[in-house]
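Just so it is clear, the model here is predicted, and its values are computed rather than measured. Below, all heavy atoms of this structure are taken into account, side chains as well, without hydrogens, waters or symmetry copies.
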Amino acid sequence: MITPARLVWLFDVDGTLLHTEGAGREAMVRALSEHHGIEDDLTAIPFAGRTDRLILDDISARHGLGFDDVTRAAFHDRVVEQMRAIMSPPRGGLLPGVIEVLDAVASEPAWVRALLTGNESRMARIKLEAFDVWHRFAWGAYSEEGDDRNAIARVAVARAAERHGVTPERCVVVGDTEHDIACARFAGARAVAVTTGGRTRAQLASHAPDLLLDDLSDQIGRAHV
């Protein structure tokens with residue numbers, strides 16, 4: 001059943017909506033130690049803008065673990081367990097303007113709030129529930145649904161079409177890295193970039209997003225992109 005919409009907003013999580021002071025990396029460090037007896041702070045592996053699947057593949061290659069689907073799933077179960085422990089009580093917080101933007105998007109009856117994230121769905125839920133915003137999103141597209149962020153973006157725009165009857169250009173990806181901009185372009189969506197995740201304004205501008213903001217206090221919900 002289609003619930004018609006005019007725009008579908010696809011929000012990234014880490015660096016866009018919130019920060020957890022490196023909790024995701026720490027959860028993987030702990031799981032690697034507990035599950036494989038390997039001590040590695042994983043600082044040599046890039047996390048920002050990448051999918052949990054690709055990060056786990058890098059860990060596997062770095063330490064010769066040879067993850068297949070079964071062993072990858074078992075390891076990620078441990079990561080999720082560690083993440084729950086690390087985020088209880090929550091650490092980090094929502095980034096500037098997030099509540100206001102989510103409220104602004106919700107105030108438009110023809111706009112939908114959804115997620116497009118490199119997080120595995122359980123990890124995204126732990127982070128968003130920690131700050132009481134998980135329930136604000138109608139649905140999401142997650143790491144387990146594609147090999148990389150481009151594939152996940154394709155899932156997201158297909159889901160937007162199936163559920164809301166919108167074309168890809170009526171989807172807006174909101175993220176904090178060049179990977180978010182690239183996956184939006186790959187899927188035929190528009191891109192809003194924010195500088196809250198560690199990339200500079202100049203770095204993001206070089207990838208030509210449709211809209212570039214310092215943070216979500218700029219009220220993208222009222223912007224025309």
Pairwise side-chain contact, R62 with D40, heavy-atom cut-off 4.5 Å (strictly under): yes
Do H179 and N150 have side-chain heavy atoms sitting under 4.5 Å apart? no
Full working for side-chain contact (heavy atoms from CB on, under 4.5 Å) between M28 and M83: CA-CA 8 Å; M28 290 191 181; M83 190 67 178; over 6 Å; no
Which pairs pass salt bridge (Lys or Arg N to Asp or Glu O under 4.0 Å) with one or both residues in residues 153-166, sequence neighbours excluded? E145-R159
For H35 and L65, what are the C-alpha separation, side-chain angles and deciding distance, and is it a side-chain contact (heavy atoms from CB on, under 4.5 Å)? CA-CA 11 Å; H35 203 49; L65 297 176; over 6 Å; no
Close side-chain approach of Y142 and I152, heavy atoms under 4.5 Å: no
In sequence, state the C-alpha distance, the side-chain angles, and the governing distance for L56 and T51, and then conclude on side-chain contact (heavy atoms from CB on, under 4.5 Å). CA-CA 9 Å; L56 290 185; T51 67; over 6 Å; no
Looking at S121, is its backbone amide N or carbonyl O close enough to the side chain of N119 to form a donor-acceptor pair, meaning the two atoms are under 3.5 Å apart? no
With rounding to the nearest 0.5 angstrom, report the CZ to CZ distance, R84 to R125. 9.5 Å
Can you check side chain to side chain donor-acceptor pair (under 3.5 Å) on S217 and E100, steps first, answer last? CA-CA 7 Å; S217 297; E100 292 79 7; over 6 Å; no
Do V112 and L10 belong to the same hydrophobic cluster, where Ile, Leu, Val, Met, Phe, Trp and Tyr are linked whenever their side-chain heavy atoms lie under 4.5 Å apart, directly or via other members? yes
Just so I know, are the side chains of L95 and V98 near enough to count as touching, which here means a heavy-atom distance under 4.5 Å? yes
Side chains of D57 and S60 only: does a donor on one sit below 3.5 Å from an acceptor on the other? no
Between D148 and R53, does any NZ, NE, NH1 or NH2 come within less than 4.0 Å of an OD or OE carboxylate oxygen? no
If only atom types and distance count, is the side chain of T196 paired as donor or acceptor with the main-chain N or O of D215 below 3.5 Å? no
Flag, side chain of R25 to backbone of L42, donor-acceptor distance under 3.5 Å: yes
All heavy atoms of V194 vs all of L204, minimum pair found to be O-CD1, 3.4 Å
R50/D58 salt bridge by N-O under 4.0 Å criterion: yes
R113 side chain vs L102 backbone, donor-acceptor pair below 3.5 Å: yes
Distance, nearest 0.5 Å, that separates CG of L7 from CD of E169: 10.5 Å
Side chain of Q203, backbone of T200: donor and acceptor closer than 3.5 Å? yes
Return the minimal non-hydrogen interatomic distance between C171 and A189, and the atom names on each side. O-CB, 3.3 Å
Taking it one step at a time, do W139 and V8 satisfy side-chain contact (heavy atoms from CB on, under 4.5 Å)? CA-CA 11 Å; W139 49 268; V8 174; 3.9 Å; yes
Which heavy atom of G146 sits nearest a heavy atom of A151, and at what distance? CA-CB, 3.9 Å
Under a 4.0 Å N-O cut-off, is there an ion pair linking D12 with R149? yes
From the list T16, I181, D14, L17, side-chain contact (heavy atoms from CB on, under 4.5 Å) with D176 holds only for T16
Is there a chain of hydrophobic side chains (I, L, V, M, F, W, Y, each step under 4.5 Å between heavy atoms) that links I86 to F47? no
Can you see which heavy atom on A153 is nearest to which on C183, and at what distance? CB-O, 3.5 Å
With sequence neighbours left out, the residues meeting ring-ring contact (aromatic ring centres under 6.0 Å, His included) with H36 are F67, F75
Hydrophobic cluster membership, V105 vs F131, 4.5 Å side-chain cutoff: yes
Assigning hydrophobic clusters by single linkage (Ile, Leu, Val, Met, Phe, Trp, Tyr; side-chain heavy-atom cutoff under 4.5 Å), is L18 placed with L116? no
Going by heavy atoms in the side chains, are V173 and R190 under 4.5 Å from each other? no
Considering only NZ, NE, NH1 and NH2 on the basic side and carboxylate oxygens on the acidic side, decide whether R199 and E178 come within less than 4.0 Å. yes
If Ile, Leu, Val, Met, Phe, Trp and Tyr residues are connected whenever their side-chain heavy atoms lie under 4.5 Å apart, and connections chain through other members, are V80 and I59 in the same group? yes
Apply side chain to side chain donor-acceptor pair (under 3.5 Å) to the pair W111 and H164, showing each step before the final yes or no. CA-CA 10 Å; W111 289 1; H164 308 292; over 6 Å; no
Between D210 (side chain only) and A191 (backbone N and O only), is there a donor and an acceptor less than 3.5 Å apart? yes
For V79 and A31, work out which heavy atoms get closest and say how close. CG2-CB, 3.7 Å
Would you mind checking if E26 and R91 are paired as a salt bridge, meaning a charged N to carboxylate O distance below 4.0 Å? yes
Verdict with supporting geometry, S143 and E120, side chain to side chain donor-acceptor pair (under 3.5 Å): CA-CA 5 Å; S143 178; E120 192 258 3; over 6 Å; no
Within the distance-only criterion (no hydrogens, no angle test), does the side chain of R30 pair as donor or acceptor with the backbone N or O of Q82 below 3.5 angstrom? no
Heavy-atom pair of closest approach, residues V166 and A5: CG1-O, 3.2 Å
Do T117 and M123 come close enough that some side-chain heavy atom pair is under 4.5 Å? no
Would you indicate whether the side-chain heavy atoms of L216 and V174 approach each other to under 4.5 Å? yes
Would you say R185 and D180 make side-chain contact, with heavy atoms under 4.5 Å? no
